[in-house]
Amino acid sequence: GQQVMQIPQYQHVQEGEDFTTYCNSSTTLSNIQWYKQRPGGHPVFLIQLVKSGEVKKQKRLTFQFGEAKKNSSLHITATQTTDVGTYFCAAPTAGRELTFGTGTRLQVTL
Amino acid sequence: DSGVTQTPKHLITATGQRVTLRCSPRSGDLSVYWYQQSLDQGLQFLIQYYNGEERAKGNILERFSAQQFPDLHSELNLSSLELGDSALYFCASSPGTGEVDGYTFGSGTRLTVV
């Protein structure tokens with residue numbers, strides 16, 4: 001079935017540093033979604049990207065969808081301790097249900 | 001509060017037993033999805049219902065079954081439980097009417113099989 005890989009699996013940064021997670025698929029995606037899961041919490045929908053080359057921003061978060069619609073990235077500028085959590089990308093299969101990426105766990109220290 | 005309600009929050013049971021997890025979707029959402037999240041794994045899709053009908057099936061074990069009722073709440077039944085079934089089980093809902101909608105997740109049920 002469809003697989004969506006994310007790198008890195010884990011990243012530890014100092015507060016104020018930037019962070020990027022990458023999502024890659026071997027197949028063309030109709031769209032891609034991003035979710036954040038805080039420790040002990042549930043995944044929370046952040047954004048959906050649909051168009052080739054699309055870039056969307058939410059405050060310090062920048063989301064990109066690749067031109068070939070096979071990859072995506074989430075970049076956080078000047079991380080804060082509130083950014084701690086696991087970030088998942090997710091893409092729909094033929095049946096519309098989402099396949100989630102492997103996730104990137106972000107740890108931020110002061 | 002996300003609007004998706006899952007009960008119970010925690011469940012501890014013995015191997016071989018059967019449990020039922022319950023989910024009430026966000027008001028107005030017709031689609032319900034069940035996901036399993038184990039410690040070393042991501043979110044594994046189990047099954048989807050749309051307006052009472054099964055829409056898609058993932059890697060759901062034969063020991064597991066689910067249904068969605070006329071009031072749109074859903075139940076996930078896990079039987080002949082094994083130690084390896086210990087995990088977080090999430091329910092998510094979406095309107096289900098668009099091309100693809102963002103999911104709203106419940107807070108999950110943590111199942112521990114001893």
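So you know, we letter chains A, B, ... as the sequences are listed, proteins then strands, and number each from 1.
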> Can you give me the closest heavy-atom contact between G106(B) and H42(A), atom names plus distance?
O-CB, 3.1 Å
> In this structure, would L61(B) and L21(B) fall into the same cluster of hydrophobic residues linked by side-chain contacts under 4.5 Å?
yes
> Answer yes or no: is there a side-chain heavy-atom contact under 4.5 Å between Y35(B) and L98(A)?
yes
> Would one find more than 12 heavy atoms of other residues, nucleotides or ligands at under 6.0 Å from atom CD of E62(B)?
no
> Check whether L72(B) and W34(B) end up in the same hydrophobic cluster, where Ile, Leu, Val, Met, Phe, Trp and Tyr are linked by side-chain heavy atoms less than 4.5 Å apart.
no
> Starting at CZ of F45(A), measure out to OG of S2(B) and round the result to the nearest 0.5 Å.
14.0 Å
> Do L43(B) and L76(B) land in one hydrophobic cluster if side-chain heavy atoms of ILVMFWY residues count as linked below 4.5 Å?
no
> In terms of heavy-atom proximity below 4.5 Å to chain B, should Q6(A) be classed as side chain, backbone, both, or neither?
neither
> Is the closest side-chain heavy-atom distance between F105(B) and Y35(A) below 4.5 Å?
yes
> Taking all non-hydrogen atoms of both residues, which atom of Q33(A) and which atom of G102(B) are closest, and how far apart?
OE1-CA, 3.6 Å
> Tell me whether the count of non-hydrogen atoms from other residues, nucleotides or ligands lying under 6.0 Å of CD1 in I12(B) goes above 12.
no
> Quick check: do Q37(A) and F90(B) have side-chain heavy atoms less than 4.5 Å from each other?
yes
> Please say yes or no: joined through hydrophobic side-chain contacts below 4.5 Å, possibly via intermediate residues, are Y50(B) and I47(B) part of one cluster?
no
> Please answer: with hydrophobic residues joined when any side-chain heavy atoms are less than 4.5 Å apart, are L30(B) and Y33(B) in the same cluster?
no
> So, does Y103(B) use its side chain to make a donor-acceptor pair with the main chain of V44(A) at under 3.5 Å?
no
> How far apart are the closest heavy atoms of F88(A) and G42(B), and which atoms are they?
CE2-CA, 4.4 Å
> Tell me, side chain or backbone of Q37(B) under 4.5 Å from chain A's heavy atoms, or both, or neither?
side chain
